[in-house]
Protein chains: 2
Amino acid sequence: MRGTSSRLLDLLSLLQARRDWPGAELAGRLEVSGRTVRRDVERLRELGYPVESLTGPAGGYRLRAGTAMPPLLLDEDEAIAIAVGLRTAARASVAGIEETAVRALVKLEQVLPSHLRRRVAALGSATIAPAAGGPTVDPQHLTTIASGCRDSECVRFDYRSRDGTGTQRDVEPHSLVNLGRRWYLVGWDRGRDDWRTFRVDRLTRPAATGVRFTARELPGGDPAAFVERSIAGAWNRYEARATVHAPASEIAKRVPHAASGLEPIDDRRCELRTSDDDLGWLAIRIAMLGVDVEVHEPPELIEELSRLAARLGAAAGRPPR
Amino acid sequence: MRGTSSRLLDLLSLLQARRDWPGAELAGRLEVSGRTVRRDVERLRELGYPVESLTGPAGGYRLRAGTAMPPLLLDEDEAIAIAVGLRTAARASVAGIEETAVRALVKLEQVLPSHLRRRVAALGSATIAPAAGGPTVDPQHLTTIASGCRDSECVRFDYRSRDGTGTQRDVEPHSLVNLGRRWYLVGWDRGRDDWRTFRVDRLTRPAATGVRFTARELPGGDPAAFVERSIAGAWNRYEARATVHAPASEIAKRVPHAASGLEPIDDRRCELRTSDDDLGWLAIRIAMLGVDVEVHEPPELIEELSRLAARLGAAAGRPPR
DNA sequence: GGATTGAGGACAGATCCTGACCTAAATCGC
DNA sequence: GCGATTTAGGTCAGGATCTGTCCTCAATCC
């Protein structure tokens with residue numbers, strides 16, 4: 001016998017792997033009597049996991065969605081898919097999800113068997129970066145740093161500051177902040193004896209040193225606000241406005257992420273408002289619309305589009321204007 | 001008392017939420033004696049979860065990565081992040097991961113509490129589609145269909161065939177296949193009494209009918225091969241070749257997904273080979289390189305780039321040539 | 001070397017678990 | 001409507017398990 005706890009986990013695992021299970025089959029898989037299966041189901045219900053049951057032929061048990069998350073029992077491939085999915089989500093897929101994605105990734109990677117971790121790393125290098133406009137961040141760096149934040153463990157890395165000089169830093173990481181398509185580490189720089197903000201895409205070879213520290217209180221409390229203060233004025237934000245020669249509904253269907261900034265003008269045109277801190281990426285997004293457009297502002301974007309048009313014209317073999 | 005099974009899950013949850021735990025604190029949280037905590041740790045080890053322990057001051061317990069995946073105990077935000085991450089991974093992020101991502105998503109959504117499901121759906125509509133070149137697939141459709149495959153339950157949907165005519169289908173779903181940036185459903189069409197392949201981006205309002213069926217054997221066995229046979233010749237594939245006026249290393253760093261097709265020519269140029277079945281998307285990828293390029297073939301791509309250049313020139317306010 | 005923290009054996013009492021057996025209720029197919 | 005199938009759950013007895021207490025060791029840090 002393998003103990004009831006282990007058996008309950010197996011039962012949960014079975015119930016997650018398929019939707020409907022006849023009691024007799026569960027009894028066979030778990031190598032217990034049908035009575036015990038009924039009791040186990042009762043136990044799961046007591047633990048808060050809603051197991052439905054249907055009587056009659058074609059009846060059976062079924063795990064429904066409840067009010068709380070049950071433990072997820074994943075097979076190896078599923079664990080890998082989740083790790084890969086979280087890595088991409090940690091970049092810049094959906095507003096506000098990134099920091100939680102990193103937290104979940106840390107939790108997953110803590111228990112991810114090493115042979116799976118290798119497979120994830122191998123897949124990770126083949127990732128299509130959705131944020132192909134800006135600098136890319138290695139998700140591995142994010143998890144290393146986030147682990148440091150969570151477990152109060154110092155992190156050492158090489159940092160390339162804005163003017164290009166490289167230094168080695170030893171930092172007590174406080175939090176990881178995602179702002180405007182970039183990742184920042186807020187931490188206490190042990191070498192400078194002060195709070196600092198680091199851009200994660202500018203640091204290399206981060207590693208936990210093994211040194212534990214007692215958490216300090218960040219002045220102001222809110223890490224995101226701290227980052228905003230430190231980078232104030234460090235980058236521009238471009239607000240674009242354009243007239244799109246296609247119905248809003250069609251664009252919304254073809255380019256879902258643009259939908260929020262669309263306002264219909266008439267049956268055949270709509271106005272698009274969108275913004276970014278990266279001109280190149282903004283231009284690409286205009287290009288992706290796939291229909292005729294007139295860009296009204298900002299002038300920098302108009303210039304960027306001219307440049308891009310010239311370059312593509314040249315790519316197609318025409319002399320640039 | 002809450003039973004040892006429940007307490008073991010709580011212990012696992014605690015060990016996943018933070019890395020280091022002194023035994024006394026665990027005892028307090030679980031409301032048992034220290035001796036019982038030691039016994040619980042022993043139980044977890046027997047179940048195969050490697051719990052490390054360190055003696056002495058600053059000692060404690062720590063859940064390490066083992067050889068098998070332990071049950072993941074997620075909080076609500078983490079579950080959402082995973083759902084969102086899997087939805088994007090299910091599109092086209094990393095070769096070969098998509099089908100597993102959908103499987104994991106089905107497992108997760110089966111037990112995802114309804115209020116969390118609503119949050120995921122709300123976030124999903126804001127997703128930046130990485131595959132903005134081609135038609136997009138609603139992840140919700142994928143999970144509905146994949147559930148049908150897993151649980152042998154019929155699915156009904158409206159299908160828009162290539163010539164634009166719409167029909168309603170009632171299908172016994174067999175498998176969901178991801179091929180060449182597109183999703184296909186292979187299933188037994190109950191109306192036509194035959195095996196059919198459906199493009200998921202062409203179907204709308206899929207829903208489980210509740211009718212169960214007994215699995216049939218797919219002729220040939222391999223669903224992917226079946227899809228390939230059915231769509232053979234249905235779409236063109238464009239193989240592009242271009243000279244990029246930048247070092248291969250720089251492009252590889254800036255646009256990771258292009259790296260595999262890069263061949264250095266000299267210190268300042270490289271050759272890019274890449275292919276796709278969607279001309280528009282191919283053109284966007286060229287545009288994303290952000291440097292000067294000469295495209296040699298295919299002629300269709302050169303024409304597409306000219307069109308794009310003209311459109312962007314116009315967008316920037318210049319008269320198209 | 002002393003303080004702290006985990007390891008684990010022994011024990012007694014309480015609790016829990018399992019399989020067997022039985023009856024009831026719901027559902028499906030004929 | 002009837003019979004077959006499937007879950008629901010009560011009861012019982014024997015055995016296994018679990019818990020807290022008490023104790024001694026071992027490892028580690030200061």
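Model, not experiment: these values are computed from the prediction. Both backbone and side-chain heavy atoms feed into the values below; hydrogens, waters and symmetry mates do not. A note on names: the letters A, B, ... follow the listed sequences, proteins ahead of strands, and every chain is numbered from 1.
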S.K.: Could you list the protein-to-nucleotides 10-15 of chain D atom pairs, N/O on both sides, closer than 3.5 Å?
M.R.:
unit_1	atom_1	unit_2	atom_2	d
D/dG10	N7	A/Arg35	NH2	3.4
D/dG10	O6	A/Arg35	NE	3.0

S.K.: Write down the atom of B/Gly148, the atom of B/Pro173, and the distance for their closest heavy-atom approach.
M.R.: C-CG, 3.5 Å
S.K.: Could you check which of D/dT19, C/dT18, C/dG6 has an atom nearest any side-chain atom of A/Arg7?
M.R.: C/dT18
S.K.: Can you see if the side chain of A/Ser53 gets near the phosphate of D/dT7 - specifically, an N or O under 4.0 Å from OP1 or OP2?
M.R.: no
S.K.: Look up atom CG in A/Asp222 and atom OG in A/Ser175, then write down how far apart they are to the nearest 0.5 Å.
M.R.: 8.5 Å
S.K.: Could you state the interatomic distance from OG1 (A/Thr143) to CZ (A/Arg150), rounded to the nearest 0.5 Å?
M.R.: 10.5 Å
S.K.: Using atom types as modelled, flag every donor-acceptor pair under 3.5 Å from a side chain in residues 18-28 of chain B to any protein atom, sequence neighbours excluded.
M.R.:
unit_1	atom_1	unit_2	atom_2	d
B/Arg18	NH1	B/Asp20	O	3.2
B/Arg18	NH2	B/Glu25	OE2	3.2
B/Arg19	NH1	A/Glu153	OE1	3.2
B/Arg19	NH2	A/Glu153	OE1	2.2
B/Asp20	OD1	B/Arg62	NE	2.9
B/Asp20	OD1	B/Arg62	NH2	2.8
B/Asp20	OD2	A/Arg212	NH1	3.1
B/Asp20	OD2	B/Arg62	NH2	3.2
B/Trp21	NE1	B/Leu14	O	2.8
B/Trp21	NE1	B/Arg18	O	3.4

S.K.: Which pair of heavy atoms, one from A/Gly66 and one from A/Pro50, lies closest together, and at what distance?
M.R.: CA-CG, 3.4 Å
S.K.: Considering residues at least two apart in sequence or located in another chain, which fulfil the side chain to side chain contact (heavy atoms under 4.5 Å, CB included) criterion with A/His141?
M.R.: A/Asp138, A/Val200, A/Leu203, A/Pro206
S.K.: When you measure from the side chain of B/Arg45, which nucleotide among C/dA7, C/dC17, D/dT19 comes out closest?
M.R.: C/dA7
S.K.: What's the angle between the local helix axes at either end of the helix from C/dG1-D/dC30 to C/dC30-D/dG1, using five pairs per end and rounding to 10 degrees?
M.R.: 60°
S.K.: Expressed as a whole number of angstroms, how long is the span from A/Glu46:CD to C/dC16:C1'?
M.R.: 12 Å
S.K.: Testing the 3.5 Å rule here: is there a donor-acceptor pair between the side chains of B/Ser53 and B/Arg45?
M.R.: yes
S.K.: Under a 3.5 Å threshold, yes or no: a donor from one side chain and an acceptor from the other, between A/Ser33 and A/Thr36?
M.R.: yes
S.K.: Would you kindly give the OH-to-P distance between A/Tyr61 and C/dT27, to the nearest whole Å?
M.R.: 14 Å
S.K.: Just checking, is any N or O donor in the side chain of B/Arg216 or B/Thr214 under 3.5 Å from an acceptor N or O on the other one?
M.R.: no
S.K.: Name every residue in residues 13-28 of chain A that has at least one heavy atom under 4.0 Å from any atom of DNA chain C, in order of residue number, or write none if there are no such residues.
M.R.: none
S.K.: Do the two ring centres, one from B/Phe157 and one from B/Phe198, sit under 6.0 Å apart?
M.R.: yes
S.K.: When every nucleotide of nucleotides 24-30 of chain D is labelled 5' to 3' by its protein contacts under 4.0 Å (heavy atoms), B for base, S for sugar-phosphate only, - for none, what sequence of letters results?
M.R.: ---BBS-
S.K.: Between B/Glu109 and B/Arg117, is a salt bridge (Lys or Arg N to Asp or Glu O under 4.0 Å) present by the stated rule, with each step listed?
M.R.: CA-CA 8 Å; B/Glu109 294 218 329; B/Arg117 195 163 321 168; 5.4 Å; no
S.K.: So which one's nearest nucleotide on DNA chain D is more toward 5', A/Val41 or A/Ser5?
M.R.: A/Val41
S.K.: How close do A/Arg160 and A/Arg202 get, heavy atom to heavy atom, and via which atoms?
M.R.: O-CD, 2.8 Å
S.K.: What nucleotide among D/dT19, C/dG19, C/dT18 has an atom nearest to a side-chain atom of A/Asp40?
M.R.: C/dT18
S.K.: Can you see whether B/Arg64 engages A/Gln110 through a side-chain donor-acceptor pair at a distance of less than 3.5 angstrom?
M.R.: no
S.K.: At what distance, to the nearest 0.5 angstrom, does CD of A/Glu78 lie from OG1 of B/Thr100?
M.R.: 8.0 Å
S.K.: Please work out if A/Gly60 contacts a base, only the sugar-phosphate, or nothing of the nucleic acid, heavy-atom cut-off 4.0 Å.
M.R.: sugar-phosphate
S.K.: Once you round it to whole Å, what is the distance between C1' of C/dC16 and CG of A/Leu8?
M.R.: 13 Å
S.K.: Distance check: side-chain N/O of B/Arg43 vs OP1/OP2 of D/dT19, anything under 4.0 Å?
M.R.: yes
